[in-house]
Each structure stands twice: as structure tokens, then as C-alpha cells.
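Read the structure below first, then the notes.
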Amino acid sequence: LKREFSVLQSKFGLKIMPYSHWKFLRLRPSNFPSIRIAQLAKIIAKNGNMFSKIRDSSNIDEITELFNIVLNPYWDNHFQFDKISNIEKQKIIGKTAIDLIIINAVIPMLFYYGYYHSDESYKEKAMRYLEQIVPENNVVIKEFRNSGIKLENAFHTQAALYMYKHYCKRKRCLECRIYCTLSKKTY
């Protein structure tokens, strides 16, 4: 791999990222950049023509399966390159992380593909997939739920996050239909 990198480095003028730029603090070891890079490499190696597989998928489970990988046994006792750990654990990408990758990368890409090629079927597929993914769980979503808003799937949570970003954060409450509906209930 080092020899191949040397060839590619000279061919394309690649620059090595200084190790000091790698962030390991305040991260769980399973989220270390070295682990995530190894997982990304495995996903790419497992799924040649990955976009075609996403584009031609018929259900969300086919896309989820693209991200179900098992790393080389080297990573079972490593969290960083060349540093053996006392903890031995197989590194997998969890269901929640896979869902977030699909929500934030795969679905927008699939939707844009439909937009770019004026093909509504891909845009509809992207929306259908969002409806099949469990709702996200983060601070913003918890606030919406605490306000009595039911968010049943990722389609709803993405809409709520959009509303938060474009209305709540910008203090445009009076322009927001959710705020207006909730404020009527309180009187």
C-alpha cells in the first residue's frame, strides 16, 4: 500500500495530511479517524460501482447492506495505526450510523440524481427511503417531541431539522406554521 501510495502521490501531487490535524480527543475510540478511514476503504472495496447499486436499489435494505462491512482482523485490536490496544473488538458500523449516512449522503445524492436527469422516479425513491428509516434522535428532535410534535420517521425529522435551521435559529417564529399552530393551542 505504501508503494502504491508513493506512485499515486507523485502522479497526482498528493500531499500528506500532517498527523497533528488528526483529531482523536473527545471521540469514542470506535469513531477515531483511523477506524472511519478503514471502514470507508472497506465499503469502497466491497461495493464496486456503488452509485449504480444505490441508483438501481429496490428497497432501503439493499442500501443498508452496502454499509454492513467487517474490517480486516488487524483492526480488532487497533484503534490507531501501529498501536496495539488491550481491547479486542470487531469494528462495525452501527445501525444508527448507517442510517445517518443514508439520510445525509445517500438520499440527497439519489434525489439530486433524479433532479439532474429530470427523472421523478429517483426523487420519489429517495423520499420513500426517508419514510422507511427510523427517526433521528438528537437535541433538536427532542425539543420538537417535547413540544408535542410527532416525528415518526426520518422524513419527518429532516423536515423538523429544516424548520429549526430556517425558522427557529433565525427567530422567524411568526412565519412558522408549527409555531402558529402550537401557540393557538396554548390560548
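With 3.5 Å as the limit, one finds no donor-acceptor pair spanning the side chains of S57 and E62. Between the side chains of E143 and S147, no donor N or O sits under 3.5 Å from an acceptor N or O.
At a threshold of 4.5 Å between non-hydrogen side-chain atoms, the residues E175 and C180 do not count as touching. By the 4.5 Å heavy-atom criterion applied to side chains, W22 and F32 are not counted as neighbours. By the 4.5 Å heavy-atom criterion applied to side chains, E136 and L161 are counted as neighbours. With contacts defined as side-chain heavy-atom distances shorter than 4.5 Å, the pair F144/I178 qualifies. T64 is listed as a side-chain neighbour of N68, based on a closest heavy-atom distance under 4.5 Å. Between K89 and S30 there is a side-chain heavy-atom pair separated by less than 4.5 Å. The shortest side-chain heavy-atom distance between Q90 and V70 falls under the 4.5 Å cut-off. The side-chain heavy atoms of C168 and M163, taken from C-beta on, include no pair separated by under 4.5 Å.
Between I63 atom CD1 and M50 atom CE the span is 9.0 Å, to the nearest 0.5 Å. Rounded to the nearest 0.5 angstrom, Q9 CD and E4 CD are separated by 13.0 Å. Taken to the nearest 0.5 Å, the OG1 atom of T96 stands 11.0 Å off from the CD1 atom of I101. Taken from CD1 in I69 to CD1 in I92, the straight-line distance is 9.0 Å, to the nearest 0.5 Å. Between atom CD1 of residue I107 and atom NZ of residue K125 there is a gap of 11.5 Å, rounded to the nearest 0.5 Å. Atoms CD1 and CD1, from I102 and I98 in turn, are 7.0 Å apart once rounded to the nearest 0.5 Å.
Between K46 and E65, the shortest heavy-atom contact is NZ-O, 2.6 Å. The heavy-atom pair separating I43 from L66 by the smallest distance is CG2-O, 4.1 Å. Heavy atoms only, all atoms of each residue included: K142 and N137 are closest at CE-OD1, 3.3 Å. The two residues A97 and I93 make their nearest non-hydrogen contact at CB-CG2, 3.7 Å. Across all non-hydrogen atoms, the minimal contact from I60 to I133 is CD1-CD1, 4.0 Å. A160 approaches I141 most closely through the heavy-atom pair CB-CD1, 4.1 Å.
The hydrophobic clustering, which links ILVMFWY residues whose side-chain heavy atoms are closer than 4.5 Å, places V140 and Y162 together. Following chains of ILVMFWY side-chain contacts shorter than 4.5 Å, one can reach L8 starting from I16, so the two form part of one hydrophobic cluster. Under the 4.5 Å side-chain heavy-atom criterion for ILVMFWY residues, no single connected hydrophobic cluster contains both V134 and L130. Placement of Y19 and I37 within a single hydrophobic cluster is found when ILVMFWY residues are connected by side-chain heavy-atom separations under 4.5 Å, directly or transitively. Neither L100 nor V139 shares a network with the other; the hydrophobic side chains, linked directly or stepwise wherever heavy atoms of I, L, V, M, F, W or Y lie under 4.5 Å apart, form separate groups for each.
The six-membered or imidazole ring of W75 lies near that of F81, with a centre-to-centre distance under 6.0 Å. A ring-centre distance under 6.0 Å is found for Y112 and Y115. No close placement of the F79 and F24 rings is indicated, their centers lying 6.0 Å or farther apart.
Under 4.0 Å is where a charged nitrogen must lie from a carboxylate oxygen, and between D119 and K123 no such pair does.
No more than 12 heavy atoms of other residues, nucleotides or ligands sit less than 6.0 Å from atom CZ of F155. Annotation: Y74, atom OH; neighbour count of heavy atoms from other residues, nucleotides and ligands within 6.0 Å is above 12. At most 12 heavy atoms of other shown residues, nucleotides or ligands fall within 6.0 angstrom of atom CG in N49. Within a 6.0 Å sphere centred on NZ of K53, other residues, nucleotides and ligands contribute more than 12 heavy atoms.
A donor-acceptor distance shorter than 3.5 angstrom exists from the side chain of R172 to the backbone of H166, with no hydrogens or angles considered. The backbone N or O of Y113 sits nowhere less than 3.5 Å from a side-chain atom of H117 that would complete a donor-acceptor pair. No donor-acceptor pair closer than 3.5 Å links the side chain of Y164 to the backbone N or O of K169.
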Begin from the C-alpha positions of D99 and K95 and carry the test side-chain contact (heavy atoms from CB on, under 4.5 Å) through to its verdict. CA-CA 6 Å; D99 285 347; K95 175 73 171 119; 2.8 Å; yes
For a side-chain contact (heavy atoms from CB on, under 4.5 Å) check, start with the C-alpha distance between Q132 and N153, then their side-chain angles and the critical distance, and finish with the verdict. CA-CA 7 Å; Q132 295 171 13; N153 54 46; over 6 Å; no
Between F67 and N47, is a side-chain contact (heavy atoms from CB on, under 4.5 Å) present by the stated rule, with each step listed? CA-CA 9 Å; F67 296 95; N47 300 299; over 6 Å; no
From CA spacing to verdict: side-chain contact (heavy atoms from CB on, under 4.5 Å), M109, F51: CA-CA 9 Å; M109 182 177 59; F51 181 75; 3.6 Å; yes
